[in-house]
Amino acid sequence: MTAIHLHNTLTNRLQPLDPVHKGEVRMYTCGPTVYDFAHIGNFRTFVFQDVLRRFLQSRKYRVLQVMNLTDVDDRIIQKAAAAGVSIREYTEKYVQAFLQDMDALHLEVPEELVRATDHIDDMVALIERLQKKGLTYSSEGSIYYSIAKFPHYGRLSKIDLAGMKTGLRVDVDQYEKENARDFALWKAPKPGEHFWETRIGPGRPGWHIECSAMAMKYLGDTLDIHTGGVDLAFPHHENEIAQSEAATGHPFVRLWLHAEHLIIDGEKMSKSLGNFFTLRDLFAKGHKPSTIRFLLLSVPYRRQLNFTSDSLKQAESSVARLRNFVSRLKVEQFPAGSSAEILKRAEKAETDFDAGLAGDLNTAMALAAVFDLVRDINTAMDRGEFLQQDAPRVVATMEKVDAILAVLVDDDDDKLAKLGFGQSQERMPAERIETLIEERNAAKKRRDFKRSDDIRQQLADSGIIVEDTKDGSVRWKYK
RNA sequence: GGCGCGGUACCCAAGUGGUAAGGGAGAGGUCUGCAAAACCUUCAUACGCGAGUUCGAUUCUCGCCCGCGCCUCCA
């Protein structure tokens, strides 16, 4: 098996995965700030993280993934106050929405999905450790981290501090800081704002401390992998390193992985440009969860993904090709027997798929391996060279790759229905469909094509596509 | 300005120091009562531009141009 290599932002090169604990990968993946519905760009990163964990599992690693839910920050405090509800009450809605969205996209639930506000004590303890080491200072009730005291500051994002002057007052945060880049570990409460009464005083946590505290609580001082979107590399992840390593004296993370952004029609997604989409916006427009998942994972994570209506169409067609293939394998009847060649071919597909992912999660390469197999087997079937006993083997290959891709099972309607995007009409039950197909078969037999086509049309009107195959069997699928 | 990612066919997108994977769309064909699916053929003398290294570069080096992002709590 090809050794797994991943691009480490810290060193800017491909490095082998080398877990601290044998057979187990511990990773921290930056999750959403739950002040609103997550948008499609967020999910680009989350799908990447999901593909990563699924791939590691396919390599038989135990995966211990921690994902944070940032449920306290300026926006949340403001919005909750404006709505006249508690922070918890305000964020709960979006936490639930996030879980539903995850489910719709087949994102596996991390082993630990943790809320910042449940870990205030852990953050306070970590801040105290930093205080004891003399790395912090207080100003107007807030506590800051003095980056001048952390020699490696800037290593991840390659930010050069040499040109920066200390003592300059830069009023970016309406707080007093010694250095513009110093960041708040703990923020003094503002009048009327929600705050926590703690050993280090009243207030609320700064943004970065939650990730350091929760990551180390669940994963230990040194994590194997930490991921997030590229925008988080600075300052968020840089600050996490400073906090964590200064506190423990150990390297915080072995591999830093950053997903490039998704852009829309070549432009940054933003509310002001009017090209801002949540998952639900896309569902409402009739796009399927599987289409979106496929599109998000089809472009390797370190490459910007240009999200367009055309790319959505292409993704939908690609998924259909894969699903048609599996359906054909399951329904069509082939000559009895089995062939060593086909078995080898299936094995090769699995190997190539795996090798593609092993090379920094090159999903484009991995998908090519799958499509190569699809074409070759389809060709064999058309030529009558494909044998019945091989069908389950090839299906198994497809199931294996789908353990990572997670787009083959056609549950789009179910997922949409769960979110309230179901079609207006009830789905025709499978039994009824089978009955109609039998009727149609009978009609075909007596060459009553008028009747036969009427039934096909009737089914089509109910959103069911009927396909005749060479061997006389009929397969159907929901549109 | 600093840091980072990228510029490959109509679109999306791999890749290698020795002559361009895969998907989508298009065109033609096969199969078929019809339809769909599928298959076959076709679709980049060419990989942003210029120079260099080399027997040979899309792949290495240098310079330039262009796009996008980060450098102000945005994945």
Side-chain angles (χ1 to χ4, degrees), chain A residues 7 9 12 29-33 38-49 70 73-75 154 156-160 163 170-173 180-181 183-184 206-208 227-236 238-239 258-263 266-270 294-295 298-308 310-325 327-328 332 352 356 359 362-372 374-383 444 447-450 452-453 456-457 460 465-470 475-477:
Chain A
H7 179 91
T9 309
N12 223 336
T29 55
C30 276
T33 303
H39 56 69
I40 187 68
N42 297 127
F43 282 108
R44 200 274 162 110
T45 300
F46 300 144
V47 167
F48 144 66
Q49 293 165 350
T70 300
D73 83 333
D74 290 339
R75 290 166 298 187
L156 180 73
S157 51
K158 281 87 184 166
I159 290 224
D160 183 15
V170 182
D171 193 17
V172 289
D173 209 8
R181 302 278 190 190
F183 56 92
W207 176 32
H208 318 293
T227 75
V230 277
D231 54 306
L232 293 185
F234 187 88
H236 186 52
E238 194 72 68
N239 292 345
H258 289 99
E260 261 298 340
H261 276 172
L262 172 152
I263 55 178
E267 289 182 305
K268 183 180 178 173
M269 173 168 52
S270 76
F294 185 91
L295 174 55
S298 63
V299 178
Y301 79 96
R302 284 209 302 131
R303 196 182 162 106
Q304 274 179 1
L305 188 158
N306 192 10
F307 193 90
T308 65
D310 198 43
S311 61
L312 275 166
K313 273 184 217 146
Q314 296 183 6
E316 185 172 9
S317 300
S318 299
V319 172
R321 179 165 168 83
L322 296 175
R323 288 181 177 175
N324 283 335
F325 176 63
S327 156
R328 188 176 181 190
E332 215 165 304
D352 291 350
N362 190 335
T363 44
M365 219 174 170
L367 283 172
V370 178
F371 282 108
D372 276 336
V374 171
R375 192 196 51 249
D376 286 353
I377 299 297
N378 268 329
T379 302
M381 290 193 281
D382 277 5
R383 287 183 182 157
K444 275 175 70 180
R447 301 192 68 77
D448 181 356
F449 297 123
K450 168 82 172 57
S452 157
D453 289 347
R456 187 210 293 281
Q457 189 56 47
I465 295 171
V466 177
E467 295 175 2
D468 298 329
T469 65
K470 228 175 183 174
R475 62 171 191 264
W476 59 271
K477 62 188 176 190

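Residue numbers begin at 1 in each chain, while the letters A, B, ... track the order of the sequences.
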What side-chain donor-acceptor pairs closer than 3.5 Å can you find for residues 313-323 of chain A, not counting sequence neighbours?
from   : atom 1 : to     : atom 2 : distance (Å)
A/Q314 : NE2    : A/D310 : OD2    : 3.1
A/S317 : OG     : A/K313 : O      : 3.2
A/S318 : OG     : A/Q314 : O      : 3.0
A/R323 : NE     : A/V407 : O      : 3.0
A/R323 : NE     : A/L408 : O      : 3.2
A/R323 : NH1    : A/D410 : OD1    : 3.4
A/R323 : NH1    : A/D412 : OD2    : 3.0
A/R323 : NH2    : A/S290 : OG     : 3.2
A/R323 : NH2    : A/V407 : O      : 2.8
A/R323 : NH2    : A/V409 : O      : 3.3
A/R323 : NH2    : A/D412 : OD2    : 3.1

Reckon [X] touches a base, only the sugar-phosphate, or nothing at all at heavy-atom distances under 4.0 Å?
X: A/D468; value: base
X: A/G228; value: sugar-phosphate
X: A/G266; value: sugar-phosphate
X: A/N324; value: sugar-phosphate
X: A/T9; value: nothing
X: A/S311; value: nothing
X: A/H236; value: nothing
X: A/V370; value: nothing
X: A/L262; value: base

Nucleotide [N], atom [atom2] - distance to [atom1] of [X] in whole Å:
X: A/L305; N: B/C12; atom1: CG; atom2: P; value: 11 Å
X: A/K158; N: B/G2; atom1: NZ; atom2: P; value: 17 Å
X: A/H261; N: B/G6; atom1: NE2; atom2: P; value: 15 Å
X: A/D231; N: B/C74; atom1: CG; atom2: P; value: 9 Å
X: A/H39; N: B/C74; atom1: NE2; atom2: P; value: 10 Å
X: A/N239; N: B/C74; atom1: CG; atom2: P; value: 14 Å
X: A/W207; N: B/A75; atom1: CH2; atom2: P; value: 7 Å
X: A/H208; N: B/C74; atom1: NE2; atom2: C1'; value: 13 Å

The side chain of [X] lies closest to which of these nucleotides: [options]?
X: A/R75; options: B/C39, B/C74, B/G33; value: B/C74
X: A/R302; options: B/C40, B/A75, B/C5; value: B/C5
X: A/P300; options: B/A13, B/A75, B/C5; value: B/A13

Which sits closer to the 5' end of RNA chain B, A/K450 or A/F46, going by the nucleotide each is nearest to? A/K450
Starting at the 5' end of RNA chain B and moving along, which residue's nearest nucleotide shows up first, A/R383 or A/I263? A/R383
When you measure from the side-chain N and O atoms of [X] to the phosphate of [N], is any distance below 4.0 Å, counting only OP1 and OP2?
X: A/T33; N: B/C74; value: no
X: A/K268; N: B/C70; value: yes
X: A/R181; N: B/U72; value: yes
X: A/R303; N: B/A14; value: yes
X: A/N378; N: B/A38; value: no

Residues two or more places apart in sequence or in another chain: which of them pass side chain to side chain donor-acceptor pair (under 3.5 Å) with [X]?
X: A/N306; result: none
X: A/W207; result: none
X: A/T227; result: A/Q49

Is there side-chain contact between [X] and [Y], with heavy atoms separated by less than 4.5 Å?
X: A/T9; Y: A/L156; answer: yes
X: A/F325; Y: A/I377; answer: yes
X: A/R328; Y: A/N378; answer: yes

Base of [N], side chain of [X] - is there a donor-acceptor contact under 3.5 Å?
X: A/R328; N: B/A37; result: no
X: A/Q304; N: B/C5; result: no
X: A/D453; N: B/G33; result: yes

Spell out protein contact along nucleotides 15-32 of chain B as letters: B when the base is contacted, S when just the sugar-phosphate is, - when no protein heavy atom is under 4.0 Å; keep the 5' to 3' order. S-----BSBSS-------
Restricting to non-hydrogen atoms, name the atom on A/H261 and the atom on A/D231 that form the minimum distance, rounded to 0.1 Å. NE2-OD1, 2.8 Å
Residues A/R475 and A/D468 bridged, charged N to O under 4.0 Å: no
Residues that [X] engages under salt bridge (Lys or Arg N to Asp or Glu O under 4.0 Å), provided they are two or more places apart:
X: A/R75; result: A/D73
X: A/D453; result: none
X: A/D372; result: A/R375

Which stems, defined as runs of 3 or more consecutive Watson-Crick or G-U wobble pairs with both pairing distances under 3.5 Å, involve RNA chain B? B:1-7 with B:65-71, B:10-12 with B:22-24, B:26-30 with B:38-42, B:48-52 with B:60-64
